[in-house]
Amino acid sequence: MLRVNPSLAQDFQSLLARIQAASGAPVKLVAVSKTHSASAVRALAALGQQAFGENYAQEGVRKCRELADLALEWHFIGPLQSNKCKDIARHFDWLQTLDRASLIEPLARHRPPTAEALNVLIQVNIDDEDSKSGIGLEDLPELAFQVVGAPCLRLRGLMAIPAPWPDAQTRQASFRRLHTAFMSLKAQFPAIDTLSMGMSEDFEMAIGEGANLVRVGSAIFGARTHT
Ligand SMILES: *Cc1c(COP(=O)(O)O)cnc(C)c1O
């Protein structure tokens with residue numbers, strides 16, 4: 001098991017200050033705890049962080065269970081295989097990576113009737129990369145319509161991981177395209193309220209382009225020793 005970052009409290013406080021400096025409006029921080037131990041999550045929760053993001057279903061479910069005594073909010077942010085829908089629907093509060101209609105039915109079916117609706121972000125492949133999951137912008141309205149019509153799911157907005165373009169202007173243009181897509185979707189579905197973009201390397205730029213949820217891992221927990 002990995003050690004907890006010895007400067008966790010300091011790194012967390014300086015991240016919060018940077019987020020605040022970059023934004024005029026409230027921005028939600030999802031602390032990405034993939035590969036980090038349940039003790040690291042517990043240590044950050046003790047500093048006041050509530051929302052955590054996990055990429056792998058098995059690892060995420062294990063931590064949800066181990067930390068069930070804490071009132072945490074769990075976000076699934078990894079690629080979702082259909083055989084993992086049950087785990088996600090049962091244990092997570094948010095799914096940020098819905099990218100195809102075939103996942104809707106199993107997610108809705110496995111959501112416990114006593115739980116609140118699963119909050120859903122649709123993942124957009126904003127730079128049309130072959131290697132990345134996410135739906136193309138042209139197919140977004142139809143998928144959004146299907147999520148809105150599904151029981152036990154609540155469409156909240158969009159998420160993307162832009163390509164790591166070497167120059168800042170091109171990266172900025174990707175964020176801007178996602179923001180434009182978000183605004184036109186919001187015109188159709190006024191209840192959506194969440195635009196998830198920005199990670200350790202680029203959250204300030206993402207906030208500048210309209211992100212109101214950022215997913216940050218290594219700037220809080222330290223570098224990951226494996227993916
Ligand atoms: C790992 C990961 C992050 C966090 O990345 P950092 O660079 O460590 O901040 C954010 N979003 C997704 C989808 C990730 O997989």
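Atoms within a ligand are numbered from 1 in the order they appear, just like the ligands themselves.
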Considering only non-hydrogen protein atoms, determine which one is nearest to [atom] and report residue, atom name and distance to 0.1 Å.
{"atom": "atom 11 (N) of ligand 1", "value": "Arg215 NE, 2.9 Å"}
{"atom": "atom 5 (O) of ligand 1", "value": "Met199 CE, 3.8 Å"}
{"atom": "atom 7 (O) of ligand 1", "value": "Ser218 OG, 3.6 Å"}

Looking at non-hydrogen atoms alone, which of Ala223, Pro79, Ser200 comes nearest to atom 6 (P) of ligand 1? Ser200
I want to know if ligand 1 touches Gly217 in the polar sense, i.e. an N/O pair below 3.5 angstrom. yes
Once you restrict to heavy atoms under 4.0 Å, what part of Ile161 touches ligand 1? Side chain, backbone, both or neither. side chain
Region of Asn55 engaging ligand 1 - heavy atom pairs below 4.0 Å: side chain
Are the charged groups of Glu201 and Arg171 less than 4.0 angstrom apart, N to O? no
Any salt bridge linking Lys132 with Asp99? Criterion: basic side-chain nitrogen under 4.0 Å from a carboxylate oxygen. no
Distance-minimising heavy-atom pair for Phe12 and Leu47: CE2-O, 3.7 Å
If hydrophobic clusters are built from ILVMFWY residues whose side chains come within less than 4.5 Å, do Leu44 and Phe92 share one? yes
Qualifying residue, where the test is side chain to side chain donor-acceptor pair (under 3.5 Å) with Glu54 and the options are Lys34, Arg62, Lys63: Lys63
Give the atom numbers and elements of ligand 1 that come within less than 4.0 Å of a heavy atom of Val216. 9 (O)
Go through Arg18 and Glu204 one step at a time and tell me if the salt bridge (charged side-chain N to carboxylate O under 4.0 Å, His left out) criterion holds. CA-CA 8 Å; Arg18 283 173 66 194; Glu204 280 147 326; 2.9 Å; yes
Under a plain distance cut-off of 3.5 Å, with no hydrogens placed, do Glu209 and His179 share a side-chain donor-acceptor pair? no
In this structure, does ligand 1 have an atom that sits under 4.0 Å from one of the heavy atoms of Lys34? yes
